[in-house]
Structures are given as C-alpha cells and as structure tokens.
Participant: 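Got a structure here, written out as structure tokens. Questions coming.
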Protein chains: 2
Amino acid sequence: MPVSEKATETQTAYYRVRQAILAEELLPGQRLVEKELAERFGLGRAAIRTALARLEQEGLVKSEPFRGATVRAIDEAEAVEILEARAALESLAARYAARKATPEQVRHLEDILQRMQARYEAGDLLGMSELNSELHQRLLEIAGHRTAARLIESLRAQNVRHQFRTILVPGRSRRSLEEHRRIVQAVAAHDEEKAAQAMLEHLSQVAEALRQSAALTTPQPPSPILEEA
Amino acid sequence: MPVSEKATETQTAYYRVRQAILAEELLPGQRLVEKELAERFGLGRAAIRTALARLEQEGLVKSEPFRGATVRAIDEAEAVEILEARAALESLAARYAARKATPEQVRHLEDILQRMQARYEAGDLLGMSELNSELHQRLLEIAGHRTAARLIESLRAQNVRHQFRTILVPGRSRRSLEEHRRIVQAVAAHDEEKAAQAMLEHLSQVAEALRQSAALTTPQPPSPILEEA
DNA sequence: GTCAACTACATTGTCAACAATATTGTAGAC
DNA sequence: GTCTACAATATTGTTGACAATGTAGTTGAC
C-alpha cells in the first residue's frame, strides 16, 4: 500500500499562490496570469489553473471567464462583514473551548496571556499581534470544532490585509489585552455563556477599531477603476 | 466589448455535479471517476477536474492524490457541528434583517408564515419544509450580509441530506412553526437582539431534533469501511 | 479629430496524449 | 492454504498543442 507522500503539483501551486497572496507579494486587484505564475513557481499551467479555481472558491481570488483572475479586493465594508461572521463563529468556538478545556490547556492560555502582557508593557505591538493570533488559534484547537475552525481560517485569510490596521488605533492594544483576559478567565472557569459573550464583545471591538482606522486613513478616494459585481 | 454570455464548460460542470450531489443522485462515499462524469454530462475531463477541485474546497467532495474523489460523507456528529455554525451565522443575519427590513419585506415574510401555517394544518410536511427554506432564504436577502449568506449557503448544501430527517420527529413541525413565528415577529418589530436570539433558539432546536432522529433511526452500526481522516 | 470596423496579439478554455501512481490480479515459494 | 513479489490494469496528474475569447492597436471614412 504505497501511499503517496510527496505533494502533487496542484497542491504546491495552491499553497504557494495562497502564501504569496497572504504575504502581500500579490496585491489586491493584481492580475494573476496563469503563464506568469507557472514560470514564477516553476510549475505547469494546469496546476496553477486548478489552484486558482480553489482560491476563488475560498474567496481570495476573483475570476471571470476568458478575462482571467485577480487577487480579490476587499473594501472596508466587506472587511467589517467578515469580522462579524468571524465573531459569530469564534463565539461558538469559545463556548466549546470553555466546555472542553483541560487544566493543562488553561495553563497554556494563561501563559500566552502573560507573554502578551509582557509585550504590551514593552510596547511591542507586533509581538502582541502574533500572540493574539496564537491565542485565537489555540482556542480553536481546544474547542475541537472543525467546521467552525475551517470557516474561521478562511475568513481570517481574507482579512489578513486589514488585520494590522487595528493595532494602530490609540489605546487599542490595552483594551485588546483586557478583552483577551476576560475570554481566558471565562474559559478557565468553564463558563460557556461568558466565554461566548466575551469573544463576541472582543471581535465587535476589533470591528469598531477597524471602522475608526478606515475613517482616519482613508478619506474615501472613490476609485471607480475596480468594480465589485 | 462582447462580454461572454454563454457559460464555460467548467462552470456547467460545477453546477451539474453539485446538483447531482444535492439531488442525491451521487451518494456519500461514492467514487467520482472523472471519465465517467465526463461521459455522463457530455463534458471534457478537464472541466470535471476543476469542478471537483472547487467542490472539494466547498466541502462537498473529498479527494486524495492519485486515489480519486468521492462524495464526502457527513456523519451525525458533523451534521450537528454544521448546524451549530449555521445557527451562529444565521443569527447574525437575522439581526441584520431586523435592522433593515422594510414594511413590504415584512409583509412578504408574514405571507410565507401564513402559507406555512396552512401547510401545517393540511399536514403537508414537505410543503412546510419548502416554505421553511424559502423563509430562511428571504431573511438572508433582507439581511443583505453577503459574507454570511455565502457561508450559510455552503453549510446548507453540506447538510441537505440530514435536513429531511428532522421533520419526521413527532411534534417537530408544530414547534418549528412557532419558532419561525417568533423570528418573523422580532424582525417585524425591528428588535435585533430578539431576532438573533430567536434564530439561535430555532436552529438549536433543529440540532436537537437531528440528534433525536439520529438516535432513533441509526442504532449505530459501526461501519469501518468508510473512514474519516 | 472622432468614431467604427477590422486586424493582431495576449490570455484563457478545451482537448488528446503521455507519465506517475494506486489497485487488482497472478504466480510462485513455503 | 497463505503470504510475498511481480505483472497488468485503471485512474489520476501533467504536458503540450490548439481553439475560443477578450483586448489593444490600426486603418479608414466622415
């Protein structure tokens, strides 16, 4: 039963292109010409092709018949929508995490929280952001709700570009730390309702910060070039 | 600017295969051999291939390298997970619907509800189920939350096979009618919190009915043939 | 100069052949 | 009889060529 180990070209194409989009090497609105990508990654056009189909289904790429694919551009309004959907699903996951967390897992969460506090006191916003992601990721693992996890991961990927804006809002990091503390406390106490509520509150605050950030940085220069169907 | 009107083969392949899965012409666990599907639908293998890739990303198909694709089998536990995720998202959508519904839209909802009542009194469970779907669909349109709508549609498709089980649970149709009435009333009153709560309650009840139904109809014959990674 | 029709080009969509892998069947050793 | 090694087959993965479509540029009429 020689089960295949090495990845097929299509798979690597999917991960490479996806990674390039998430790393912002490929920017929103940018055309994704199959031949170019194939040469860039040293893969066949067919592999790139199916990778683009998958990425379109995932919401990272937009494609029109005979006109090619582009990195999907997500405006502020949609970013808020995505955050709201994430909030609903992560709230569910937090409820599960509160139900199922073992003492060891709780200790791990508290450890992350402590490191977050340290980064905050050091004024290291980027480090905080990383621990933020780690905390959310860990909560998903504890929850063990694979359906929710899959959807959340997809939503997170779509919003990666907007994620960093929020940490710059004045006073946001302090409140963020406090919100995460409430989540962890609720999970540690196995208080499902409180955990769900705390997570909902947290991500609603992030959405609010995003709205503020967008209002500040973007005085709405209406770009009629990129259309959204 | 002759913009393409007729669908490309890949698109039709996607819709045809998807439809066949949803109509249960292709059953869970069944192998999806590219050549067979191509002949069945009169399409090229390439079109089928990318369609399968999209369907895998959507969660309707499971595929392993060099071993082919199958219709993904969803067991009872996962069906409950999917319903929980749907509940979280539709609750969000109901909140939006309550915020944005116009008087005309409210009248339309109430009309559907009345027809549901009529079907209930006539003992027409299938007719009720259709109106059920229509009501949920209409709420999504009123909400205008495209991100949530996309995810919900995907989840609904995955659960289509389990959907019909619940309506057979004794007394379920009566309670379902009542739950829907509460939702519509909250939306009509523009009470966002109440609408969200009512929708959450409703789908939680559906999940509960599903658990009961599964416990009754399936005395757990452990089938070690189909594995879930 | 502006517009329409036409041509040339770039890119995507489709097809058929070939390579790589898994699965099944067969023969032989013990 | 059972197991292993090997051959045969079926299916998927990949490649290259060709067709279909959209886009840009060019020419000509007015």
Side-chain angles (χ1 to χ4, degrees), chain A residues 1-18 20-21 26-27 29-58 60-72 224-227 229, chain B residues 1-18 20-21 26-27 29-58 60-72 224-227 229:
Chain A
M1 186 182 5
V3 117
S4 174
E5 291 301 335
K6 68 179 175 185
T8 177
E9 261 197 29
T10 300
Q11 291 172 321
T12 66
Y14 170 73
Y15 288 112
R16 295 288 296 274
V17 176
R18 188 174 197 272
I21 292 175
L26 301 172
L27 295 174
Q30 185 172 341
R31 285 198 64 187
L32 299 174
V33 179
E34 296 174 0
K35 204 171 85 177
E36 285 179 11
L37 293 177
E39 288 171 3
R40 172 171 181 168
F41 295 123
L43 300 169
R45 194 161 77 93
I48 299 293
R49 213 176 150 60
T50 65
L52 290 179
R54 287 179 65 179
L55 289 167
E56 180 181 13
Q57 199 69 23
E58 197 176 349
L60 288 177
V61 160
K62 175 173 183 169
S63 170
E64 282 179 289
F66 293 105
R67 300 185 19 137
T70 59
V71 180
R72 199 162 80 89
I225 298 159
L226 300 178
E227 58 161 352
Chain B
M1 184 183 8
V3 116
S4 173
E5 291 302 333
K6 68 180 176 186
T8 178
E9 259 196 29
T10 301
Q11 291 172 320
T12 66
Y14 171 73
Y15 288 113
R16 296 287 295 276
V17 177
R18 188 175 197 272
I21 293 174
L26 301 172
L27 296 174
Q30 184 172 341
R31 284 199 64 185
L32 299 174
V33 179
E34 296 174 0
K35 204 171 87 176
E36 285 179 10
L37 293 177
E39 287 170 3
R40 171 170 181 168
F41 295 122
L43 300 170
R45 194 161 76 92
I48 299 292
R49 213 176 149 61
T50 65
L52 290 179
R54 287 180 66 180
L55 289 168
E56 181 182 15
Q57 198 68 24
E58 197 176 347
L60 288 176
V61 160
K62 176 173 182 167
S63 169
E64 282 180 288
F66 294 105
R67 298 183 20 133
T70 59
V71 180
R72 198 163 80 90
I225 298 160
L226 300 178
E227 58 162 352

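Quick caveat, the model's predicted, so the values are computed rather than measured. Convention: sequence-line order gives letters A, B, ...; per-chain numbering from 1.
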Participant: Test side-chain contact (heavy atoms from CB on, under 4.5 Å) on A/V17 and A/F41; report intermediate values, then the result.
Facilitator: CA-CA 9 Å; A/V17 176; A/F41 295 123; 3.8 Å; yes
Participant: Please state how far atom CD in A/E34 lies from atom C1' in D/dT14, giving the value in whole angstrom units.
Facilitator: 15 Å
Participant: Roughly how far apart are A/E56 CD and B/T50 OG1, rounded to 0.5 Å?
Facilitator: 10.0 Å
Participant: Quick check for you: among D/dG13, C/dG13, C/dT11, whose closest atom lies nearest to any side-chain atom of B/F66?
Facilitator: D/dG13
Participant: Counting side-chain heavy atoms from CB outward, which of C/dT14, D/dT14, C/dT12 is closest to B/E9?
Facilitator: C/dT14
Participant: Rounded to whole angstrom units, what separation is found between the CG atom of A/L52 and the C1' atom of C/dT11?
Facilitator: 13 Å
Participant: Determine whether A/R49 and A/L52 make a side-chain contact, defined as any pair of heavy atoms from C-beta on separated by less than 4.5 Å.
Facilitator: no
Participant: What is the distance from atom CZ of B/R31 to atom CG of B/L37, rounded to the nearest 0.5 Å?
Facilitator: 11.0 Å
Participant: Rounded to whole angstrom units, what separation is found between the NZ atom of A/K35 and the P atom of C/dG13?
Facilitator: 15 Å
Participant: Going by number, which of residues 41-51 of chain A have a non-hydrogen atom under 4.0 Å from DNA chain D?
Facilitator: A/G44, A/R45, A/A46
Participant: OP1 or OP2 of C/dT23 sitting under 4.0 Å from any side-chain N/O of B/R67?
Facilitator: yes
Participant: What is the distance from atom CD of B/Q57 to atom CG of A/L55, rounded to the nearest 0.5 Å?
Facilitator: 7.5 Å
Participant: Please report the distance, rounded to the nearest Å, between CD in B/E64 and P in C/dA22.
Facilitator: 11 Å
Participant: Does a side-chain N or O of B/T8 approach OP1 or OP2 of C/dT12 to a distance below 4.0 Å, or not?
Facilitator: no
Participant: Checking side-chain contact (heavy atoms from CB on, under 4.5 Å) for the pair A/L32/A/I48: CA distance, chi angles, key distance, verdict?
Facilitator: CA-CA 10 Å; A/L32 299 174; A/I48 299 293; over 6 Å; no
